[in-house]
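First the structure, in the form of structure tokens, and then the observations on it.
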Amino acid sequence: MVVIGLDIGTTGAKALAVEETGRVAGRGYREYALHAGEGGQVTQDAEDWWAAAAAAVRAATEECGPDAVAAISLSTQGASMLAVDERGRPLCPVLTWMDRRAVEEAALLGARLGEETFYRKSGWPLSATLDAAKILWLRRNRPEVFRRAAGFLSTLEFLHLRLTGQAVTDPSNAAIRQLTDMRAGRWDEEILEAVGIDERRLPALLPTGAPVGCLTAEAAEELGLPPSVPVFNGAHDQYCAALGSGALRAGDMLLATGTTWVVLGVTERPLYTASRVSPGVHPAGGYGAIASLVSAGSALKWYKNLIADDFLRMDSRAAGRARSAAGLLVYPYLAGAGFPHNRPDARASVLGLEMRHDRYDLARAFMEGVAFETRLALEEFSRRGMEVSRLTMTGGAARSRVWSEIVGYVTGREIGRMQEPEACCMGAAMVAGIGAGWWGAYAEAAAALVRVEPLALPDADMAGFYREKAEEYYRHLPFGGGKGVAV
């Protein structure tokens, strides 16, 4: 028997079929598009999510067969939202978590309730990219859509609706929608009134792991599975990555390296800071604390596409370019500067570029720039007493030895890499396995599924090299030095 961990990410759907022993019996992947427009608009088609999810599940179960599937759970991107009619049909494109159109609406909400209110209640700083502001944008700018909308759904909720006929969300996805009181575990009436909606237009909020329902006949046919397969409530992708990497106890630290890089630490109490670390309810108990580097994996992918290269070749060629790229600094803010700067208006820049440099020197400098930003994020956690000696890396950069080594040299932390880099899928598989009765707790599931291997850092001189380069990088930050960030 297998369980399916299904991740609906920013650029594609991934599925793992996982046995109780931890062996991956099958995997599937299908990409979908992002559509950029004027005014900071970045949208997707929710039907693309569904088509990719079905294709990924079919691929993952090709060898084990549909009758082997015991349960499904989901990991999803957060704060991507659409309006649906009474039959669950999309009324508008998905306003993704990268969509910045609702700047004016965020300011209006901040003026009405105060930015601190949103941060303290939801755990997330008030932002044009999150759902409270985007729903208000629909109300003000697309009134016909707003009036017709029977519901406003995030990624998890839309997929649950398609899978089971029930739109259900979990605490981690509800919090990033910025419509909840995170610690109370409910939709917040004060925020909903300010936005102009009520709970009837939002999904049920249940704990991660709660049963959502079994597959509908239509969903079962599209996924190629029996309709008896149960679906258990999933979580925001970063919390699934925490589960899938074994970050379960206070003091554990995860570096998830996807489109956005995320530092997630596990805490006993919610962690609020002036630099806006985002606290949230951890599915395994206690709390998580998230810091997001929005211009990270997306920046290198942009550069890869720009030079029409592929990641494997870039990776191998960049491995030997530390010295030739020594004077080259890349500030990778193609989507603005995330934590701890919190400057969405920041723009990418390159310093020290000479005619002798080539595409692979620049590739190396992109990797280094993201690593320097990661070090700043870790220093913010250190100021709050979360000194971490080891980082567990998951995601795309964990597959890259050179990028993982750069992170190790720059941050001064021991690096552990997941043997199975798809930690989001693995975390969702844990939820499904517990729901199926395979394990009684996340610690038991992690013992069966999580394999972390330490990364050796072979060149002792590189630590000093990167200390000096980091100082140069922070000295030339385009919006001031990196040493005085408030916490």
Side-chain angles (χ1 to χ4, degrees), residues 1-8 13-30 46-47 49-76 84 87-89 153-170 173 203-235 240 243-244 283 422 424-442 444-445 448-449:
M1 298 295 288
V2 300
V3 291
I4 301 294
L6 176 61
D7 175 53
I8 309 299
K14 301 172 184 173
L16 292 185
V18 182
E19 296 176 350
E20 190 172 355
T21 61
R23 189 181 83 87
V24 175
R27 59 184 74 230
Y29 176 67
R30 175 69 63 86
E47 297 294 345
W49 290 345
W50 175 244
V57 170
R58 281 182 174 273
T61 56
E62 188 173 342
E63 290 190 20
C64 65
D67 292 333
V69 177
I72 298 175
S73 188
L74 277 74
S75 156
T76 60
V84 298
R87 295 176 60 185
R89 296 173 301 192
L153 303 183
S154 72
T155 312
L156 181 68
E157 298 144 23
F158 181 81
L159 267 294
H160 278 160
L161 184 62
R162 281 298 178 88
L163 289 166
T164 70
Q166 304 296 320
V168 171
T169 195
D170 81 294
N173 274 292
L205 202 171
L206 300 177
T208 293
V212 178
C214 292
L215 297 178
T216 66
E218 181 180 354
E221 182 177 355
E222 294 199 46
L223 271 63
L225 299 177
S228 58
V229 173
V231 177
F232 293 94
N233 198 14
C240 279
L243 295 176
E422 303 301 345
C424 296
C425 289
M426 194 60 82
M430 282 187 183
V431 176
I434 290 174
W438 287 6
W439 309 291
Y442 287 110
E444 185 182 348
L449 302 186

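Sequence positions, counted from 1, serve as the residue numbers for this chain. These numbers come from the heavy atoms of this one structure, side chains and all, not from hydrogens, waters or symmetry mates.
- In plain terms, the two heavy atoms of V2 and C64 that are nearest each other are CG2-SG, 3.9 Å.
- The heavy-atom pair separating A235 from N173 by the smallest distance is C-ND2, 3.2 Å.
- Inter-residue side-chain proximity for P66 and L225 is flagged as met; some heavy-atom pair is nearer than 4.5 Å.
- With D7 contributing its side chain and K14 its backbone, the two residues share no donor-acceptor pair below 3.5 Å.
- Nearest heavy-atom pair across W439 and G433 is CZ3-CA, 3.6 Å.
- Contacts classified as side chain to side chain donor-acceptor pair (under 3.5 Å) and involving residues 56-74 (residues at least two apart or in different chains) are not found.
- The CE atom of M426 lies 12.5 Å from the OG atom of S75; values are rounded to the nearest 0.5 Å.
- Note that the OH atom of Y442 and the CG atom of L449 stand 12.0 Å from one another [nearest 0.5 Å].
- A heavy-atom distance below 4.5 Å is not found between the side chains of N233 and V431.
- Remark: W438 pairs with no residue by the side-chain hydrogen bond (donor to acceptor under 3.5 Å, both in side chains) rule, at least two apart or across chains.
- A53 meets the side-chain contact (heavy atoms from CB on, under 4.5 Å) test with L6, I8, L159; sequence neighbours excluded.
- Listed here is the closest heavy atom pair of A70 and M1: CB-CE, 3.8 Å.
- The stretch residues 153-164 participates, sequence neighbours left out, in these side chain to side chain donor-acceptor pair (under 3.5 Å) pairs: E47-R162, S154-E157, E157-T169, E157-R177.
- For residues 204-219, the pairs satisfying side chain to side chain donor-acceptor pair (under 3.5 Å) are D170-T208, with sequence neighbours left out.
- C240 approaches C424 most closely through the heavy-atom pair CB-O, 3.6 Å.
- Annotation: side chain of P227 is not in contact with side chain of C214 (no heavy-atom distance under 4.5 Å).
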Sequence neighbours excluded and cut-off under 3.5 Å, please list the side-chain donor-acceptor pairs for residues 15-26, or say none.
residue : atom : partner : partner atom : Å
E19     : OE1  : R23     : NE           : 3.1
E19     : OE2  : R23     : NE           : 3.4
E19     : OE2  : R23     : NH2          : 2.9
T21     : OG1  : R23     : N            : 3.4

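- Within the 4.5 Å cutoff, the side chain of L223 has heavy atoms near those of the I72 side chain.
- When all heavy atoms of G28 and A59 are compared, the closest pair comes out as CA-CB, 3.7 Å.
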